[in-house]
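Structure record follows, encoded as structure tokens.
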Amino acid sequence: MAAELHLLDLLASNFNLIRVYDTLNEKCQVLLETLRKSGWERVTLSFLNRKFEAKKTLYSGFTDEQIKIAEEKKINPAKRKELLSSMVERFRMSTFYYLPWKDARARTIVSSGRTTEIPIYTKDQWHPMDLLYAPLYYKARPVAVLTLDGPKDKETPNKVKMRVPQIIHSTLIQVISEYISQEYFSYSKELKEAIIEKGTIGIIQVSHDGKITDINLAGEHILRLRKRNIESLFFLKYFDERFTKKISPAFRNAIEQLSPQKIETTFIYADDTRKDLILNFFPQHILYEYSGMICTITYPESRDLYKIYSTIVNQLREMSDTLTGDYSDIQRKIVFLLCRQFHFRYPRIYKVSDDKTTLECILTFNEETQDIAFFDHPYNRNSLGATAIIEDKILFTTKLEGQIRDVRRIWQKLDTPGAIAIPLHINENTKAVLVCDFLEPVFELDMAKEVILKYFAMILGMALKSYFGK
């Protein structure tokens, strides 16, 4: 009874840990550690591609040397496919398969017919060559394999002993399915369509089979082509052969290694004129299986701009976690996340009064600023917030500047070196602005920050519609 209570406590405490972590690897690693602690020496989880190759393996209970040996002696794809076929159905144990070395048929499958000098143990004793594993399926396709080795009690598995592994196996399937279904790379599409469409970074999206599926306006301009003329054509076959020959190694390395690759080369246009370009290949994958490529194209003179892509994706990814709860919760979460990322303080939202004479403070998010009416002030260009609304652009200022476009009594009360105003688009008739103060004496509104702030403003504006009843 004590042992069962210990297992229940172990499961409960470690399942709670899953919520703390964000990445798939971290969540799965917690589950592997839980499974190992329930009575096993070593546990692995291998993610498979469609060719049954193990593209990534997580380990629990292995030393660095053991991991190195395991990586060198991976099961080959043909054998893996065999172990996931109907050939092993007679060895099924619920969701797991147990191939005992004492069984002649199992021995043949595991060793590919080779003999061994390792002695066969007694009936209920675990053998070092025993194999216990469970496939994890997503939409009828095996995407991973969970393997257990070395039971601490040295005994073969039975129905009672396999209860915890089956619970962990089921939980792993849920975690992986949720990961896949949340459209992990949705922000890439949003960035292409909503952010960089008119920017200076060209973006080409390539499908998993190498065909061009999309290109933004900047990409059309840089390469002097039209989207309708290149869609569904193969990326590595469309361009001049001399150019393709130079970029092919980087493109293929990105696919094989599933890591970004960068190359600087010369693009050759149809009229044989040339231009130096920087190409960055960002491979997309789901569970370590390649699913497509995003290629960014920039001029060397703007080589730093490509960093905006990854910077924005990372910061917007954090925002996705805030879009839960009712509208008031979302408003608060978005504002607090904005303040945390940019070190802003005293966030407050203003709207223009009906008679267009006053900028009225309608919401604050800090206990220090509960007197909302204190922040009301005339709607004119002496106000930073009013000017941001009038010009429809993000503005910021500091006390060090000669002209301070804000109400001095507000500056004196908050005692901060600078402020920023971000216009909010609620609807056609309602004009609003988010104003925050910041502690940094110098604030630079570069392109990456402006894009992120505009995205914040768009989401916040949508969340505020309910406040205005429209």
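Bear in mind the structure is a predicted one, so any value in this text is a computation, not a measurement.
Environment of CG in Asp271: crowded, with over 12 heavy atoms of neighbouring residues, nucleotides or ligands closer than 6.0 Å. More than 12 heavy-atom neighbours from other residues, nucleotides or ligands sit within 6.0 angstrom of CG on Asp209. Around the NE2 atom of His425, the shell of radius 6.0 Å holds more than 12 heavy atoms that belong to other residues, nucleotides or ligands. Atom CZ of Arg252 sits in a sparse spot, with 12 or fewer heavy atoms from other residues, nucleotides or ligands closer than 6.0 Å.
Annotation for Ile263 and Ile247: closest pair CD1-CA, 4.1 Å, computed over non-hydrogen atoms.
A 4.5 Å side-chain heavy-atom check between Cys28 and Leu24 finds at least one atom pair inside the cut-off. A 4.5 Å side-chain heavy-atom check between Ser207 and Lys211 finds at least one atom pair inside the cut-off.
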Listing, residues 238-245 side-chain donor-acceptor contacts under 3.5 Å, not counting sequence neighbours, or none:
unit_1	atom_1	unit_2	atom_2	d
Asp240	OD1	Arg242	N	2.8
Asp240	OD1	Arg242	NE	3.0
Asp240	OD2	Arg242	NH2	3.0
Arg242	NH2	Asp272	OD1	3.4
Thr244	OG1	Asp240	O	3.2

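A donor-acceptor pair is defined here as one N or O able to donate and one able to accept, closer than 3.5 Å; such a pair exists between the side chain of Gln66 and the backbone of Thr63. No side-chain donor-acceptor contact under 3.5 Å links Gln284 to the backbone of Ser291.
Contacts of Arg36 classified as salt bridge (charged side-chain N to carboxylate O under 4.0 Å, His left out), with partners at least two apart in sequence or in another chain: Glu33. For the ring pair (Phe, Tyr, Trp, His ring centres under 6.0 Å) test, no residue two or more places apart in sequence or in another chain qualifies with Tyr379.
Using bins of under 30°, 30° to 60° and over 60° for the plane-to-plane angle, the ring pair Phe281/Phe251 lands in the perpendicular bin.
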